[in-house]
**Student:** 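Before I ask anything, here is the structure I am working with.
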Amino acid sequence: MLTCAPAVRAASFPAEEKQMEALPDAAVLATRLKNTLIQYHNLEDEKWRVAKKTKDVTIWRKPSEEFNGYLFKAQGVIDDVVNSVIDHIRPGPCRLDWDSLMTSLDILEHFEENCCVMRYTTAGQLWNIISPREFVDFSYTVGYKEGLLSCGISLDWSEKRSEFVRGYNHPCGWFCVPLKDSPSRSLLTGYIQTDLRGMIPQSAVDTAMASTLINFYGDLQKALQKA
């Protein structure tokens with residue numbers, strides 16, 4: 001769990017493993033995904049460049065090794081315990097209650113309690129320059145050090161709805177660990193690399209991604225305060 005695997009590129013996830021008609025071995029895919037995220041988490045600081053920063057959250061980025069876009073890193077402190085934070089992030093009805101970008105979420109298949117396939121849709125962004133998107137993701141939540149890691153990767157799904165562009169999430173996830181000097185608070189670090197697809201200027205994608213991640217932290221904190 002705590003070892004770091006070599007970099008996992010797109011080619012390491014064969015196309016046949018991504019087909020929903022022939023679902024991958026969940027345990028194998030979950031292990032690859034977890035190790036890929038740990039590798040991202042262990043990247044040296046100098047690999048990252050600041051994309052956006054507020055008082056509470058910092059967003060970095062670096063060129064992705066998975067596609068012609070960026071791997072974003074987000075980090076901030078959340079005023080709640082790890083389990084509550086991850087319960088709000090992982091797939092489930094709770095996520096729809098607070099995530100302003102997500103418009104629907106359906107669990108297509110459960111492998112076990114902490115592992116599933118979900119389909120969800122997102123709202124349009126930047127005055128609908130980025131139109132609503134749909135994703136089908138494999139999701140896995142596992143213990144990491146004193147906290148939790150909730151991670152995912154998109155799968156291919158033959159059924160497509162004409163009102164949505166199908167986006168693709170390359171390996172992504174959220175590490176949540178208690179603060180050493182304040183265990184009732186959590187350090188939340190996310191790694192996101194989303195190919196929104198469609199005809200969108202890359203600058204618009206980058207602007208939207210950094211702002212979306214900042215808003216994610218704010219919406220999450222507000223939801224936890226109400227819980």
Side-chain angles (χ1 to χ4, degrees), residues 1-43 64-67 71-73 82-96 99 101-102 104-122 133-161 164 166-177 188-197 216:
M1 179 186 301
L2 303 182
T3 57
C4 183
V8 179
R9 299 172 183 262
S12 297
F13 295 94
E16 63 268 20
E17 285 193 353
K18 297 179 185 175
Q19 293 296 328
M20 286 297 296
E21 291 77 4
L23 280 169
D25 182 307
V28 171
L29 184 56
T31 298
R32 289 182 184 175
L33 184 58
K34 176 192 68 177
N35 287 339
T36 300
L37 265 295
I38 292 173
Q39 184 241 345
Y40 295 159
H41 203 44
N42 289 334
L43 285 170
S64 172
E65 296 184 358
E66 304 284 349
F67 77 119
L71 168 62
F72 285 86
K73 174 182 177 179
V82 167
N83 284 348
S84 293
V85 175
I86 291 298
D87 280 347
H88 277 68
I89 291 175
R90 75 169 89 207
C94 183
R95 182 71 179 265
L96 281 176
D99 191 335
L101 186 61
M102 192 174 286
S104 72
L105 189 155
D106 299 297
I107 305 299
L108 301 180
E109 179 154 353
H110 272 289
F111 294 103
E112 51 187 88
E113 185 179 357
N114 64 339
C115 191
C116 69
V117 174
M118 64 174 177
R119 175 168 58 187
Y120 66 95
T121 56
T122 58
R133 264 26 183 199
E134 177 185 63
F135 299 86
V136 176
D137 285 8
F138 173 86
S139 176
Y140 177 56
T141 301
V142 64
Y144 175 76
K145 295 188 175 180
E146 302 87 12
L148 292 168
L149 163 63
S150 185
C151 50
I153 184 174
S154 285
L155 304 173
D156 290 331
W157 175 253
S158 58
E159 176 197 347
K160 295 185 179 180
R161 294 180 281 189
F164 297 102
R166 175 65 59 78
Y168 191 94
N169 286 312
H170 295 275
C172 56
W174 296 92
F175 290 87
C176 191
V177 296
L188 181 65
T189 307
Y191 298 89
I192 307 296
Q193 48 187 343
T194 300
D195 186 352
L196 291 174
R197 297 179 173 173
F216 180 93

**Student:** Provide the closest heavy-atom pair for G173 versus L37 in the form atom of the first, atom of the second, distance.
**Tutor:**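 The pair with the smallest heavy-atom distance is N-CD1, 3.6 Å.
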**Student:** If every non-hydrogen atom of L96 is compared with every non-hydrogen atom of L105, which pair is closest and at what distance?
**Tutor:**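 Heavy-atom minimum between the residues: CD1-N, 3.8 Å.
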**Student:** May I ask you to decide if the ring planes of H41 and Y144 are parallel, tilted or perpendicular, using 30° and 60° as cut-offs?
**Tutor:**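 If you compare the ring of H41 with that of Y144, the planes turn out perpendicular.
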**Student:** Please round to the nearest 0.5 Å and tell me the distance separating atom CG of L29 and atom SG of C115.
**Tutor:**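 Atom-to-atom, L29:CG and C115:SG are 7.5 Å apart.
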**Student:** Mind listing the closest non-hydrogen atom pair of H88 and S84 along with its distance?
**Tutor:**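 H88 and S84 have their closest heavy atoms at ND1-O, 2.9 Å.
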**Student:** Name the one of L196, T194, I153 that satisfies side chain to side chain contact (heavy atoms under 4.5 Å, CB included) with Y168?
**Tutor:**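 Option passing the side chain to side chain contact (heavy atoms under 4.5 Å, CB included) with Y168: I153.
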**Student:** Can you tell me how far the CE atom of M102 sits from the CZ atom of F135, to the nearest 0.5 Å?
**Tutor:**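 Spacing of CE (M102) from CZ (F135) equals 9.0 Å.
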**Student:** Side-chain contact, heavy-atom cut-off 4.5 Å: F175 with L188?
**Tutor:**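 No, their side chains stay 4.5 Å or more apart.
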**Student:** Can you find a pair of side-chain heavy atoms, one from L148 and one from W174, that are under 4.5 Å apart?
**Tutor:**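 Of all side-chain heavy-atom pairs linking W174 with L148, none is under 4.5 Å.
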**Student:** Quick one: does F111's side chain get under 4.5 Å of F138's, heavy atoms only?
**Tutor:**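 A side-chain contact under 4.5 Å exists here.
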**Student:** Kindly say whether C172 contributes a backbone atom to a donor-acceptor pair with the side chain of Q193 at under 3.5 angstrom?
**Tutor:**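 Side chain of Q193 to backbone of C172, a donor-acceptor pair under 3.5 Å: no, none is there.
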**Student:** Would you indicate whether the side-chain heavy atoms of R90 and S139 approach each other to under 4.5 Å?
**Tutor:**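 With C-beta onward as the side chain, the pair stays apart.
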**Student:** Would the distance check show the side chain of D195 and the main-chain N or O of R197 forming a donor-acceptor pair, the cut-off being under 3.5 Å?
**Tutor:**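 Side chain of D195 to backbone of R197: a pair is present.
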**Student:** Using modelled atom types and a 3.5 Å cut-off, is there a donor and acceptor pairing between side-chain atoms of T121 and backbone atoms of S104?
**Tutor:**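 Yes; at least one donor-acceptor contact below 3.5 Å.
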**Student:** Without swapping roles, check the side chain of T141 against the backbone of S150 for a donor-acceptor pair under 3.5 Å.
**Tutor:**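 Side chain of T141 to backbone of S150: no pair is present.
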**Student:** Using every non-hydrogen atom in the two residues, find where C176 and V82 come nearest and quote the distance to one decimal.
**Tutor:**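 Reported closest heavy-atom pair: O-CG1, 3.6 Å.
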**Student:** For E134 and F164, which heavy atoms make the closest approach, and how far apart are they?
**Tutor:**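 Nearest pair, atom of E134 first, then F164: CB-CB, 3.7 Å.
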**Student:** Give, for atom SG of C116 and atom CG of D137, the distance between the pair rounded to the nearest 0.5 Å.
**Tutor:**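 It comes to 9.5 Å.
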**Student:** Rounded at 0.5 Å granularity, tell me how far CZ in R32 sits from CG in D25.
**Tutor:**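 Answer for the CZ-CG pair, R32 versus D25, is 9.0 Å.
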**Student:** Tell me the closest heavy-atom pair linking S154 and G167, and the distance in Å.
**Tutor:**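 Smallest heavy-atom distance, with atoms named: OG-O, 4.3 Å.
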**Student:** Counting only N and O atoms by type, is there a donor-acceptor contact under 3.5 Å from the side chain of R95 to the main-chain atoms of I89?
**Tutor:**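 It does hold such a pair.
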**Student:** Taking C-beta and beyond as the side chain, do L101 and F216 meet within less than 4.5 Å on heavy atoms?
**Tutor:**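 Side chain of L101 against side chain of F216, heavy atoms only: no contact under 4.5 Å found.
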